[in-house]
A.B. asks: 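Before I ask anything, let me first share the structure, which is written out below as structure tokens.
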Amino acid sequence: IRIATCVALAAIAVGVLQGCNGETYASTQAEPYLHRVHTLEVNHQESYTVTREFAGEVQAGQRSQVGFEFPGRLESLFVNEGDTVVAGQLLATLDTRLLEAERDELQAGKAELVAQRNTARRNLERVESLQASNLASERELDELSGRVRVLSASLDRVNAALAANRIRFEKSELRAPFYAQISRRSLDSGAVVAPGEPVFGLVEADSREVRSGVPATLAGHLEIGDAMKVSMNGLESTGRLIAKSPDIDPATRSKPLRIRLDESWPPGSLAYLQIDLPIETHGTWLPETAITAGARGTWLVYAAMEQGDAQAQIESRTVTIHHAQGGDVFVSGALEDGDHVVAAGLHRLAPGQRVRLDKQAIAAHVRENN
């Protein structure tokens with residue numbers, strides 16, 4: 001009896017264990033593991049923009065080396081390097097003692113001529129009154145008339161000399177031609193100045209330009225007044241295109257541009273001109289993580305073909321990369337609008353593999369793009 005009871009209990013235990021193993025196996029077969037993937041929806045566009053960068057130089061709107069038109073001894077200097085001056089401000093003067101002596105001499109000569117002409121005119125009036133009574137000869141009348149005309153001409157000559165003297169006085173004062181900063185002082189007080197010798201270097205204070213050369217084909221797409229992005233030492237600004245040279249630089253084979261800036265960047269600084277160039281190509285932007293290398297130099301993306309119940313099957317699609325920028329690539333190829341491609345983790349996947357779609361991740365990406 002005891003033996004029979006033990007055998008029966010053992011049989012029941014084996015049956016229970018077999019039933020448990022069968023249920024566990026069935027459960028495992030019913031719910032296989034599917035890798036979750038984050039997908040992006042393909043949205044084609046007809047072009048993309050390439051940002052090209054060209055080096056240029058910051059320059060002042062005007063630069064000038066100013067000096068005196070006439071020679072002389074430098075009497076006084078009123079500004080120095082680094083000073084800001086306004087248009088018409090006095091910068092320096094020459095010694096004018098010789099001009100003062102010349103002016104005094106001319107004024108004395110003028111006074112003498114005026115006195116002589118006045119006397120000749122009174123004599124002419126007397127002769128004219130006598131000649132009316134036939135008491136004066138025609139010869140005497142002609143001589144006095146000629147005398148008055150000669151004295152008037154001499155007086156005009158002296159007046160012209162006085163005007164020239166006043167101009168030399170004015171040009172003995174060096175004044176700023178525009179609102180500027182003094183970039184250089186070349187001479188000191190007491191120096192003898194030659195005609196045209198620079199005394200100060202001026203840089204226009206309120207105007208800056210960037211001069212840069214771009215390919216002629218690219219310059220053809222630009223219009224006067226276009227807004228241009230410019231950067232210098234990490235600083236960014238927006239300028240306006242104010243001129244395009246009609247000539248091509250023979251050294252660089254580029255067409256020079258002038259861009260007016262609102263910033264007071266130091267002249268001579270290296271600046272970079274950024275131009276957005278549209279490229280007409282049908283394609284879509286994808287993150288770099290959505291691209292993987294294929295056979296023989298090709299590039300692939302993995303499309304997730306939905307199978308229902310938030311599941312999909314992986315298919316490989318060949319694409320061509322046209323441009324890469326900021327972690328994204330513009331591609332074209334075997335993709336249609338509305339297709340979903342795997343955004344990252346392609347090294348864990350293979351064509352034909354079934355995966356589970358991460359709908360929350362898809363929604364979050366759409367919000368970011370919007």
Side-chain angles (χ1 to χ4, degrees), residues 36-54 212 214-231 236-241 257 259 272-307 310-349 351 353 355-370:
R36 287 183 176 273
V37 296
H38 173 191
T39 62
L40 306 176
E41 185 175 348
V42 174
N43 183 17
H44 281 95
Q45 56 193 66
E46 298 304 319
S47 64
Y48 64 93
T49 300
V50 175
T51 300
R52 301 192 60 184
E53 199 169 67
F54 302 92
S212 178
V214 303
T217 53
L218 180 55
H221 295 284
L222 304 176
E223 299 293 338
I224 301 300
D226 286 351
M228 313 290 286
K229 297 177 183 178
V230 184
S231 63
E236 294 186 354
S237 180
T238 300
R240 293 284 174 183
L241 180 63
L257 304 180
I259 297 91
Y272 293 93
L273 176 64
Q274 299 172 356
I275 300 178
D276 293 334
L277 182 64
I279 306 297
E280 301 294 333
T281 299
H282 184 77
T284 185
W285 285 100
L286 294 175
E288 291 180 349
T289 53
I291 310 294
T292 187
R296 293 184 295 276
T298 60
W299 295 98
L300 303 176
V301 298
Y302 284 170
M305 308 305 295
E306 294 193 30
Q307 304 291 320
Q311 296 184 17
Q313 186 171 0
I314 299 298
E315 288 185 4
S316 64
R317 305 283 180 84
T318 303
V319 295
T320 300
I321 297 177
H322 296 279
H323 182 63
Q325 181 177 344
D328 292 329
V329 290
F330 190 86
V331 303
S332 64
L335 293 173
E336 301 291 339
D337 280 338
D339 286 351
H340 287 82
V341 298
V342 180
L346 273 62
H347 62 286
R348 304 165 114 189
L349 305 175
Q353 181 178 344
V355 294
R356 186 176 300 279
L357 301 178
D358 190 343
K359 293 185 178 180
Q360 291 184 350
I362 295 173
H365 179 78
V366 170
R367 285 196 298 271
E368 290 173 4
N369 284 342
N370 290 337

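In this text the structure is predicted, and so the values were computed from the model without any measurement.
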A.B. asks: Quick check: closest heavy atoms across Ala219 and Val214, and the distance to 0.1 Å?
C.D. replies: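 Ala219 and Val214 have their closest heavy atoms at CB-CG2, 3.7 Å.
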A.B. asks: Return the minimal non-hydrogen interatomic distance between Glu46 and His282, and the atom names on each side.
C.D. replies: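 In terms of heavy atoms, the two residues are closest at OE2-ND1, 2.9 Å.
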A.B. asks: Would you find a donor on one side and an acceptor on the other, under 3.5 Å apart, between the side chain of Ser316 and the backbone of Pro351?
C.D. replies: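 No, because the side chain of Ser316 does not come within donor-acceptor range (under 3.5 Å) of the backbone of Pro351.
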A.B. asks: I'd like to know if Arg317 pairs up with Asp339 as an ion pair, taking the criterion as any Lys NZ or Arg NE/NH1/NH2 lying under 4.0 Å from an Asp or Glu carboxylate oxygen.
C.D. replies: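 The answer is yes: the pair qualifies as a salt bridge.
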A.B. asks: Which heavy atom of Thr39 sits nearest a heavy atom of Ala304, and at what distance?
C.D. replies: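 So the minimum-distance heavy-atom pair works out to CG2-CB, 3.9 Å.
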A.B. asks: Could you walk me through whether Gln353 and Tyr302 pass the side chain to side chain contact (heavy atoms under 4.5 Å, CB included) check?
C.D. replies: CA-CA 10 Å; Gln353 181 178 344; Tyr302 284 170; over 6 Å; no
A.B. asks: Cut-off 3.5 Å, side chains only: do Asp276 and Thr49 have a donor facing an acceptor?
C.D. replies: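 Per modelled atom types, Asp276 and Thr49 side chains form no pair under 3.5 Å.
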A.B. asks: Please report the interatomic distance CD(Glu280) to OG(Ser47), rounded to the nearest 0.5 Å.
C.D. replies: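 Atom-to-atom, Glu280:CD and Ser47:OG are 5.0 Å apart.
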A.B. asks: Quick one: NE2 on His38 to NE2 on His340, what's the gap to the nearest 0.5 Å?
C.D. replies: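 Separation between the atoms: 9.5 Å.
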A.B. asks: Establish, yes or no, whether a centroid distance under 6.0 Å links the rings of Tyr48 and His323.
C.D. replies: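 Ring centroids of Tyr48 and His323 are less than 6.0 Å from each other.
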A.B. asks: Could you tell me whether Trp299 atom CH2 has more than 12 heavy atoms of other residues or ligands within 6.0 Å of it?
C.D. replies: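 Open.
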A.B. asks: So does Tyr272 have more than 12 non-hydrogen atoms from other groups sitting under 6.0 Å from OH?
C.D. replies: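 12 or below, so no.
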A.B. asks: Grab the two heavy atoms, one from Ala324 and one from Val329, that are nearest each other, plus how far apart they are.
C.D. replies: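 Closest approach of Ala324 to Val329: CB-CG1, 3.8 Å.
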A.B. asks: Taking Leu241's backbone N and O only, do any of them form a donor-acceptor pair with Asp226's side chain (distance below 3.5 Å, no angle check)?
C.D. replies: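 Not at all, since once roles are kept as given, no pair shorter than 3.5 Å links the two residues.
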A.B. asks: Where do Ala343 and Leu40 come nearest, in terms of heavy atoms and distance?
C.D. replies: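 Taking every non-hydrogen atom into account, CB-CG, 3.6 Å.
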A.B. asks: Which distance, rounded to the nearest 0.5 Å, do you find between the OG1 of Thr320 and the NE2 of His322?
C.D. replies: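 These two atoms lie 5.5 Å from each other.
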A.B. asks: Looking at CD1 of Ile275 and CG of Leu218, how far apart are the two atoms once the value is rounded to the nearest 0.5 Å?
C.D. replies: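 The distance works out to 4.5 Å.
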A.B. asks: Could you grab the distance from atom CG of Leu335 to atom OG1 of Thr284, nearest 0.5 Å is fine?
C.D. replies: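 The CG atom of Leu335 sits 7.5 Å away from the OG1 atom of Thr284.
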A.B. asks: What distance do Gln313 atom CD and Glu306 atom CD have between them, rounded to the nearest 0.5 Å?
C.D. replies: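 So the CD of Gln313 and the CD of Glu306 are separated by 13.0 Å.
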